[in-house]
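Remarks on the structure that follows.
Side-chain atoms are counted along with the backbone in the values below, which use heavy atoms only and exclude waters and symmetry mates. Both counts, for ligands and for their atoms, begin at 1 and track the order of listing.
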Amino acid sequence: MKLLLIGAGGREHSLAWKLAKSEKVEKIFVAPGNGGTAFADKCENVDITDINELLAFAKENNIDLTIVGPEDPLTKGIVDLFKAGGLKIFGPDKAGAELEGSKSYSKDFMKKYGVKTAEYEVFYDADKALGYLENCTYPIVIKADGLAAGKGVAICETREEANDSIKSFMIDDIFKGAGAKVVIEEFLDGVEASILSITDGKTIVPFLSAKDHKQIFDGGKGPNTGGMGVLAPNPYVTDEVQKEFEENIMAKTLAGIQAEGYDFKGIIFFGLMITKKGTYLLEYNVRMGDPETQSVLYLMESDLLEVIEAAMNEELAGFEIKWSKGTCVNVVLASGGYPGEFVKGYEIKINEGVKDKVFLAGAKAEDGVLKTNGGRVLSVLGVGDTVEEARVDVYNNIDGVEFEEMYFREDIGLI
Ligand code: AMP
Ligand code: GLY
């Protein structure tokens, strides 16, 4: 099969690596790809991001299946476009992608179908939002409605902080439209878990759980990032939590997907908060997580293409995904200064011995040389039978990677 994989992150390098292992896969075009997919087995980068140009490319090159990595093309309706053009594509339609594209839409969906989630109110008007803050209990959570590259959530400890967030989201318009509408939400205290899953619209099959580390500094301090490292499986997802998740969140979500009539053959990612009052859904994503994917796919023993084909053919009922028994930790190596300002263009050196444990993200290939090209540059993986073994492995492997101003957390996987 000839595949077209859309995206440019560490997630896509990891997807490309896993898909290339399938005997059925002959070639993977990655659009636009990155420095990792540029050199990956069976892969070729193509410099296209516009969804109409992607459609034309897929037609011209007789692509058998397109797999969409990031949310952006999904919320723009790439699935509807490809299907109308008679092409096979893995991902939700535009209506289903709104579960990630709009926080107010997804919260209303959760409420409508009884999915356990934090209490919330939606505001279209800054004065009304500011007025509401007078009588809230703090901390409180303020979320820009639209996509804001993972930066649209503010946890506000005081009314002053909340006022400032409302002003910057709604009046100063720092997210260029995405914050014109906001969700103000009850703060939940607990530990987070990411459960990625696959659906064919009739069944949802969860993947192994994962634990992201969102803040930039050790101990969960400092501003939120796209994710600084992941432990999989997530030790906080006990059998009891898993059961609660499947009953109160996953099953109700599936019922909602069916009742709304989405055409949803794709990934649904549940961002959970495990609290003393039970397990809550914080958010949906309609794509795999980054860097969750890097750890989770490393532990997947099944052929990913076969898993995706089962979803495409509506054969997920009774389908079992095989997982390795081990633990995988991935640590993100970032450019110094991220998530603020940072310098790009440093050469990245990776020792031969750790090459198959490195997934590149913000990195490009320039005349055959790998260079830093983003905040989160790459993930290094470590595996073991226990969390401790995997942690030792990953921090050893990091010694095999070098670039200037490299920054990473030392506590990924510590529980
Ligand atoms: P989201 O994009 O909704 O996942 O939010 C980003 C991050 O903000 C989450 O991963 C949590 O760390 C935090 N967060 C979001 N909603 C809440 C909430 N209601 N209570 C506490 N933390 C939250
Ligand atoms: N790592 C969190 C996300 O991909 O949204």
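- Ligand-side atoms of ligand 1 in range of Phe187: 20 (N), 21 (C), range being under 4.0 angstrom from any heavy atom.
- An N or O contact shorter than 3.5 Å is missing between Val141 and ligand 1 by distance.
- Judged purely by distance below 3.5 Å, without hydrogens or angles, the side chains of Ser194 and Asp212 never pair a donor atom with an acceptor atom.
- Numbered from 1 in the order shown, with element, the atoms of ligand 1 that lie under 4.0 Å from a heavy atom of Lys214 read 10 (O).
- Centroid-to-centroid, the aromatic rings of Phe109 and Tyr284 come within less than 6.0 Å.
- Of all protein heavy atoms, the one lying nearest to atom 20 (N) of ligand 1 is Leu188 N, 2.9 Å.
- When ring centroids are compared, Tyr407 and Tyr338 stay outside the 6.0 Å threshold.
- Residue-level proximity to ligand 2 for Met288 is absent, since no heavy atom of it falls below 4.0 angstrom.
- For Asn234 and Ser209, the side-chain atoms include no donor-acceptor pair closer than 3.5 Å.
- Lys371 has no carboxylate O lying under 4.0 Å from a charged side-chain N of Glu347, or vice versa, which leaves the two without a salt bridge.
- Contact atoms of ligand 1 toward Lys103: 1 (P), 2 (O), 3 (O) (distance under 4.0 Å to a heavy atom of the residue).
- What sits closest to atom 2 (C) of ligand 2 on the protein, heavy atoms only, is Asp212 OD2, 3.4 Å.
- Residue Gly289 places a heavy atom less than 4.0 Å from ligand 2.
- If you number the atoms of ligand 2 from 1 as listed, the ones under 4.0 Å from a heavy atom of Gly226 come out as 1 (N), 2 (C).
- When each atom of ligand 1 is checked for a heavy atom of Glu185 under 4.0 Å away, the hits are 16 (N), 17 (C), 18 (C), 19 (N).
- The ligand atoms of ligand 1 that sit less than 4.0 angstrom from a heavy atom of Glu192 are 9 (C), 10 (O), 11 (C), 12 (O).
- Annotation for ligand 1: atoms under 4.0 Å from non-hydrogen atoms of Ile155 are 13 (C), 14 (N), 22 (N), 23 (C).
- Atoms of ligand 1 found under 4.0 Å from any heavy atom of Lys143 (numbered from 1 in listed order, with element): 3 (O), 15 (C), 16 (N).
- Taking a cutoff of 4.0 Å between a charged side-chain nitrogen and a carboxylate oxygen, Lys211 and Glu292 do not qualify as a salt bridge.
- Neither the backbone nor the side chain of Asp212 comes within contact range of ligand 1; no heavy atom lies under 4.0 Å.
- A salt bridge is absent between Lys143 and Glu283; no separation between the charged side-chain nitrogens and carboxylate oxygens falls under 4.0 Å.
- For the pair Lys252 and Tyr113, the NZ or CZ position fails the cation-pi test of under 6.0 Å to the six-membered ring centre and within 45 degrees of the ring normal.
- Of the options Glu192, Glu283, Arg287, the smallest heavy-atom separation from atom 5 (O) of ligand 2 is shown by Arg287.
- One finds no salt bridge joining Lys103 and Glu185 here, because no Lys/Arg side-chain nitrogen approaches an Asp/Glu carboxylate oxygen to under 4.0 Å.
- Taking any N or O of Lys214, backbone or side chain, none lies under 3.5 Å from an N or O belonging to ligand 2.
- Distances below 4.0 Å separate heavy atoms of Leu282 from the following atoms of ligand 1: 9 (C), 11 (C), 16 (N), 17 (C), 18 (C), 19 (N).
- Ion pairing of Lys243 with Glu240 is absent here, as no side-chain N (NZ or NE/NH1/NH2) approaches a carboxylate O to less than 4.0 Å.
- His13 and Phe359 have perpendicular rings, their planes meeting at more than 60° on a 0 to 90° scale where under 30° would count as parallel.
- Counting only heavy atoms of the protein, atom 6 (C) of ligand 1 lies nearest to Val153 CG2, 3.8 Å.
- Residue Asn285 touches ligand 2 through its side chain alone, judged by heavy-atom distances below 4.0 Å.
- Tyr120 and Glu186 share no side-chain donor-acceptor pair at under 3.5 Å.
- Scanning the protein for heavy atoms near atom 7 (C) of ligand 1, the closest one is Asn224 ND2, 3.8 Å.
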